[in-house]
Amino acid sequence: MKITELPDIFTKALPVLEEINNNGFEAYFVGGSVRDLLLGRHIHDIDIATSAYPEEIKNIFKKTIDTGIQHGTVTVLQGNESYEITTFRTESGYQDFRRPDHVTFVQNLSEDLKRRDFTINALAMDTEGNIIDHFNGLEDLQRHKIKAVGKAENRFHEDALRMMRAVRFMSQLEFDLDPLTRKAIEDNHELLAKISVERIRDEFVKMGIGPGSREAFQVFLDTGLAEHVPGFAGKNDALAIFPKLNFAPSTEANLWALMIILLKIPDDKIAHFMRMWKNSNALERQVASTVEFFDLISAQDPTNYDLFKVNVATIASAIDLAHILGQPINGQALIDRYEALPIKENSDLVINGSFLLKNGIPAGPQVGEILEKIKEKIVEGELANEQKEISQFLTETINHE
Ligand code: ATP
Ligand code: MG
């Protein structure tokens, strides 16, 4: 098979491959970019494989970075672009079913393709656009199959993360799992326990927000993989709702929020759950406020002050979650109400703490409390955001006490 019309991202990189060829070495586009090219999907980056050793690549190009030189990867800087160029290699000495202890450079492409995870990821393309397919990747692309290169069981023993990658690609590409590859996951799911949470999480998130997430999630549950990720063991019944949803979450934050809701994790355990998955504090806060606001709008109509206290992204996420879970929420009405608030940020307020002090409020905790009260009254339409009115309100408050 030969591709005649290459997208810009490839033609731009061609001079790099040609330069390697001119120096007497082989160079190919490999992996995800070739797969995505053949599927007509968006290509976010390209990987290049070569017979040249890293030192040789460094001699050929002026500007390079030692990205992962021990694994054979050098980054070449060309114009505004950067290209990861990796020497053909095999991997060996997989201890503990994790990443290889060391890599061995090899002289032919075929050996390099053999160590790749799935047939659709083991395709290469030369500078002329010829597709190199040693493992029937093209046929599997056509059949929409995720199939391990070689004996699936052996491949999962080498690196158990590949089992998560299988369901991740199912979801992203909306492909099926080859039956033998699936059987190997069923038989070896407990090996996933050896893999670091960070690596599992990255694949889990890609699975959870891909277009085929519901089908992939079903396989994630049925094969036993879910038993070996933080907080999911023994929770298959609660999680079985995911594949039955009318539609699935499309953002990382909402994927986590949905997991927390399905698993019925109480508010005071959300931080712990998010940390078990090694998520960032920023994401944890975003997710916690979304879940909290979702709970609120599920139970009652929020006040304007409730709307004011969260940001519009949180409101939008909570509305999304309500739709995902089939709750009858009028999302547009909430957004409209938020948009109509007289103040949306603290900085929209025409006064601040020192204004309160000047108007006779003694320094102390009540400054903050009264400021909050003022904001509440303003968003509820009981007080105008004007200094005159606010100072009158303050006089009344003081006289009252
Ligand atoms: P994406 O679009 O998510 O980047 P990708 O296929 O490029 O998809 P990467 O994780 O970037 O995935 O890996 C690049 C290539 O390296 C893969 O296509 C595959 O050939 C190979 N690869 C990556 N991870 C593994 C692994 N754990 N085992 C075997 N091969 C792998
Ligand atoms: Mg990639």
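Quick caveat, the model's predicted, so the values are computed rather than measured. Any value given below was found using the heavy atoms of this structure, including those in side chains, with hydrogens, waters and symmetry copies removed. Whatever order the structure lists ligands and atoms in, that order sets their numbers, starting from 1.
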Colleague: Is a salt bridge present between Glu158 and Arg155, judged by a nitrogen-to-oxygen distance below 4.0 Å?
Modeller: yes
Colleague: If we ignore hydrogens and angles and just use 3.5 Å, is the side chain of Asp348 paired with the main-chain N or O of Glu345 as donor and acceptor?
Modeller: yes
Colleague: Measure the distances from the heavy atoms of Arg155 to every atom of ligand 1 and state whether one is below 4.0 angstrom.
Modeller: no
Colleague: For ligand 1, find out whether one of its N or O atoms is nearer than 3.5 Å to an N or O atom of Phe169.
Modeller: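 No, there is no polar N/O contact under 3.5 Å.
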Colleague: Which protein heavy atom lies closest to atom 14 (C) of ligand 1, and at what distance to 0.1 Å?
Modeller: Asp47 OD2, 3.9 Å
Colleague: With a 4.0 Å cut-off, strictly under, does atom 11 (O) of ligand 1 pick up any protein heavy atom?
Modeller: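 Under the 4.0 Å cut-off, atom 11 (O) of ligand 1 has no protein heavy-atom neighbours at all.
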Colleague: One pair to check against salt bridge (Lys or Arg N to Asp or Glu O under 4.0 Å): Asp301 and Arg337. What are the steps and the verdict?
Modeller: CA-CA 11 Å; Asp301 199 25; Arg337 276 177 60 200; 3.5 Å; yes
Colleague: Is any side-chain N of the basic residue among Asp176 and Arg182 closer than 4.0 Å to the acidic one's carboxylate O?
Modeller: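 Salt bridge flag = no for Arg182 with Asp176.
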Colleague: What is the closest protein heavy atom to atom 7 (O) of ligand 1, and at what distance does it sit?
Modeller: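 Checking every protein heavy atom, the shortest distance to atom 7 (O) of ligand 1 gives Gly32 CA, 3.6 Å.
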Colleague: Check whether any heavy atom of Arg165 sits under 4.0 Å from an atom of ligand 1.
Modeller: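 True for this residue.
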Colleague: Has Leu161 got any heavy atom lying under 4.0 angstrom from an atom of ligand 1?
Modeller: no
Colleague: Pick one of side chain, backbone, both or neither for how Arg168 approaches ligand 1, counting any non-hydrogen atom pair under 4.0 Å.
Modeller: side chain
Colleague: Within the structure, does Asn121 bring an N/O atom to less than 3.5 angstrom of an N/O atom in ligand 1?
Modeller: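 Yes - when backbone and side-chain N and O of Asn121 are compared with those of ligand 1, one distance drops under 3.5 Å.
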Colleague: Could you see which bit of Arg162 sits under 4.0 Å from ligand 1, with heavy atoms only: side chain, backbone, both or neither?
Modeller: side chain
Colleague: Arg35 versus ligand 1: do any nitrogen or oxygen atoms come within less than 3.5 Å of each other?
Modeller: yes
Colleague: Does this structure show an ion pair linking Asp178 with Lys183, if we count only N-O contacts that are shorter than 4.0 Å?
Modeller: no
Colleague: Give the atom numbers and elements of ligand 1 that come within less than 4.0 Å of a heavy atom of Arg115.
Modeller: 29 (C), 30 (N)
Colleague: For the pair Asp140 and Lys145, find out whether any cationic side-chain nitrogen is under 4.0 Å from an anionic carboxylate oxygen.
Modeller: no
Colleague: For atom 4 (O) of ligand 1, grab the closest protein heavy atom and report residue, atom and distance to one decimal in Å.
Modeller: His44 CE1, 3.2 Å
Colleague: Just let me know how Asp117 lines up against ligand 1, side chain, backbone, both or neither, with a heavy-atom cut-off below 4.0 Å.
Modeller: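 It is both backbone and side chain that touch ligand 1.
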Colleague: Looking at Asn304 and Val379, would you say the former's side chain and the latter's main chain have a donor-acceptor pair under 3.5 Å?
Modeller: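 Checking the backbone N and O of Val379 against the side chain of Asn304, a donor-acceptor pair under 3.5 Å is found.
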Colleague: Please lay out, stage by stage, how Glu203 and Lys206 fare under the test salt bridge (Lys or Arg N to Asp or Glu O under 4.0 Å).
Modeller: CA-CA 5 Å; Glu203 301 298 335; Lys206 288 176 182 168; 5.1 Å; no
Colleague: Starting from atom 27 (N) of ligand 1, find the nearest protein heavy-atom neighbour and note its residue, name and distance.
Modeller: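 Its nearest protein heavy-atom neighbour is Asp159 OD2, 3.0 Å.
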Colleague: For the residue pair Phe232 and Phe217, categorise the inter-ring angle as parallel (less than 30°), tilted (30 to 60°) or perpendicular (more than 60°).
Modeller: tilted
Colleague: Show me which atoms of ligand 1 lie under 4.0 Å from any heavy atom of Gly31.
Modeller: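 Ligand 1 atoms under the 4.0 Å threshold to Gly31: 18 (O).
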Colleague: Test Asp117 against every option in Arg162, Lys147, Arg165, Arg35 by the salt bridge (Lys or Arg N to Asp or Glu O under 4.0 Å) rule and name the one that passes.
Modeller: Arg165
Colleague: Between Arg116 and ligand 1, is there a nitrogen or oxygen pair with a distance under 3.5 Å?
Modeller: yes
Colleague: Would you indicate whether the side-chain heavy atoms of Asp112 and Thr86 approach each other to under 4.5 Å?
Modeller: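 Counting from C-beta outward, Thr86 and Asp112 never come under 4.5 Å.
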